[in-house]
Amino acid sequence: MEIVVNGEKRTLPENSSLALLLLELALAKQPVAVELNGQVIKKQNHATTQLSEGDTLEIVTFVGGG
Amino acid sequence: MDMDIALLGELLPVDETETIINKPLRIAERVFQSRLLVGTGKYADFKTMQLCHEFSETQMVTVAVRRLDLKASGENALLHWIDRNKIQLLPNTAGCYCADEAIRTCHLAAELGLSQWIKLEVIGDKKTLLPDIEETLKAARLLVKEGFTILPYVTDDPVACKKLEDVGCAAVMPLAAPIGSGLGIRNPNNIRLIVEAAKVPIIVDAGVGTASDAAFAMELGCDAILMNTAIAEAKHPTRMAQAMRLAVEAGREAFLAGRIPMRAYGSASSPMSGLLGMAT
């Protein structure tokens with residue numbers, strides 16, 4: 001299935017969970033927040049959140065700013 | 001004699017009965033010894049930023065919420081360079097142009113799990129980066145209800161500042177001048193009026209260019225100052241960080257000390273009696 005992560009298309013196996021995607025992206029080293037189709041998904045729900053075809057994800061972190 | 005000369009170089013003992021105690025800055029339920037808030041953007045590199053934070057002795061730094069660079073390793077991420085035992089994070093909503101965008105950014109910042117405090121910034125104009133007061137107020141009202149500690153960036157307008165205080169903002173942050181402009185305090189009278197009316201801390205945010213601007217803001221009675229560009233883009237950022245720390249402290253002390261009134265004419269400091277050759 002195809003999803004969009006931070007504006008880029010990505011192909012994932014069917015029935016992938018959000019936690020699996022984050023594992024694949026190797027994001028363990030810094031805090032991230034995830035929005036799935038405009039809704040914030042809390043960390044404790046990452047493992048139980050199933051992704052589906054056409055989902056749009058935003059993965060954000062803290063960067064320098066004033 | 002020798003001892004007297006040595007003492008001249010030291011600070012005179014302060015008579016506590018004649019000074020107003022310099023209480024630490026209190027915002028919401030937290031207390032800060034430092035009255036200088038610093039940004040984390042525009043530095044040449046993270047090492048320079050970290051040194052600037054050290055030299056400034058800041059206890060609160062702003063950060064932005066942005067899409068993660070999926071190609072970067074994460075090894076060199078911003079947070080590795082901020083000592084969170086000493087420094088509190090203040091996530092901002094920079095780049096938002098309406099209340100909904102700002103609220104969305106706040107929810108993501110909260111999910112990042114490091115701070116429920118937000119520098120609320122809703123921009124109304126791309127060219128000047130001046131804030132949209134209507135949208136800022138709308139977002140502030142909702143976010144305060146949701147339990148966020150809100151510190152809004154706002155125009156140097158006493159009425160707008162009062163409205164933000166009234167909706168429950170923990171501090172109010174009027175600009176000195178447009179973000180990154182370095183123009184200094186453009187309307188000192190407004191800043192003075194804002195300070196006079198406020199029951200929450202007033203933090204001058206944006207537009208400071210050099211140390212005298214920071215000292216001036218503090219002399220006007222502001223509780224703290226937030227700056228980024230003035231330090232990050234100085235020729236020697238760490239040196240400027242130190243200058244800003246000293247300026248904020250000096251300005252605060254001068255405010256507490258109470259300056260003399262301005263006079264149109266001279267007022268001699270030496271006695272006018274006993275002048276040589278004077279007729280008695």
Side-chain angles (χ1 to χ4, degrees), chain A, chain B residues 37-43 45-46 48-49 61-82 89-95 100 103-115 119 121 129 153 179-180 205-206 226-233:
Chain A
M1 63 177 175
E2 204 166 65
I3 59 167
V4 178
V5 183
N6 287 1
E8 281 180 28
K9 280 186 184 163
R10 259 190 122 82
T11 307
L12 279 185
E14 294 297 322
N15 300 321
S16 295
S17 70
L18 175 55
L20 190 79
L21 171 72
L22 295 178
L23 198 71
E24 189 184 299
L25 292 169
L27 298 179
K29 279 183 181 132
Q30 54 186 318
V32 295
V34 182
E35 215 184 62
L36 171 60
N37 301 325
Q39 292 296 315
V40 174
I41 307 294
K42 292 203 176 294
K43 199 159 283 160
Q44 61 265 32
N45 298 329
H46 286 182
T48 54
T49 301
Q50 293 296 316
L51 300 176
S52 14
E53 175 74 27
D55 277 348
T56 300
L57 287 129
E58 293 287 348
I59 305 175
V60 302
T61 190
F62 287 131
V63 301
Chain B
L37 287 68
V38 180
T40 57
K42 295 183 174 177
Y43 294 90
D45 48 61
F46 284 135
T48 307
M49 178 196 80
V61 299
T62 52
V63 291
V65 178
R66 288 291 180 275
R67 269 180 177 172
L68 186 82
D69 180 357
L70 298 174
K71 291 175 189 81
S73 70
E75 296 279 2
N76 215 18
L78 174 74
L79 293 180
H80 293 292
W81 297 88
I82 299 172
L89 295 183
L90 181 63
N92 70 28
T93 62
D100 288 346
I103 290 161
R104 182 183 179 191
T105 304
C106 287
H107 291 161
L108 285 165
E111 172 57 20
L112 277 157
L114 301 173
S115 178
K119 169 181 160 175
E121 178 178 337
L129 299 178
Y153 159 71
I179 295 170
D205 174 13
L226 197 171
M227 63 180 76
N228 188 346
T229 311
I231 293 175
E233 291 190 351

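The chains referred to below are lettered A, B, ... by the order of the sequence lines, with proteins before strands, and numbering in each begins at 1. Computed from heavy atoms alone, side chains included, the values below leave out hydrogens, waters and symmetry copies.
Residue contact with chain B, scored on non-hydrogen atoms closer than 4.5 Å, involves the side chain of Leu25(A) exclusively. Proximity to chain A (any heavy atom under 4.5 Å) is restricted, for Leu70(B), to the side chain, taken from C-beta onward. Using a 4.5 Å cut-off between heavy atoms, Leu37(B) makes no contact with chain A at all. With a 4.5 Å cut-off on non-hydrogen atoms, Val40(A) touches chain B through its side chain but not through its backbone. Heavy-atom distances place the side chain of Lys119(B), and not its backbone, under 4.5 Å from chain A. Contact of Leu79(B) with chain A is made through the side chain alone, with heavy-atom distances under 4.5 Å.
Of the residues listed (Val63(B), Leu78(B), Leu68(B)), the one engaging Thr61(A) in a side chain to side chain contact (heavy atoms under 4.5 Å, CB included) is Leu68(B), and it is the only one. With respect to Phe62(A), the side chain to side chain contact (heavy atoms under 4.5 Å, CB included) criterion is satisfied by exactly one of Val65(B), Asn92(B), Thr40(B): Val65(B).
Interatomic distance, CD of Glu58(A) versus CZ of Arg104(B), reported as 6.0 Å (0.5 Å rounding).
Looking only at distances, no side-chain donor or acceptor of Asn6(A) sits under 3.5 Å from a matching main-chain atom of Asp69(B).
Contact record, Leu112(B) with Val60(A): CD2-O, 3.9 Å, taken as the closest heavy-atom pair. The shortest heavy-atom contact between Ala64(B) and Gly64(A) is CB-O, 4.0 Å. Between Gly66(A) and Thr62(B) the shortest heavy-atom distance is C-OG1, 3.2 Å.
Heavy-atom contacts from other residues, nucleotides or ligands closer than 6.0 Å to CD of Gln44(A) number more than 12.
Chosen from Glu111(B), Arg67(B), Glu121(B), Met227(B), the residue pairing most often with chain A at heavy-atom distances under 4.5 Å is Arg67(B). Contact count against chain A (heavy-atom pairs under 4.5 Å) is highest for Leu108(B) among Leu108(B), Leu89(B), Asn228(B), Leu90(B). Note: Gly65(A) leads Gly38(A), Gly7(A), Gly65(A) in heavy-atom pairs under 4.5 Å with chain B.
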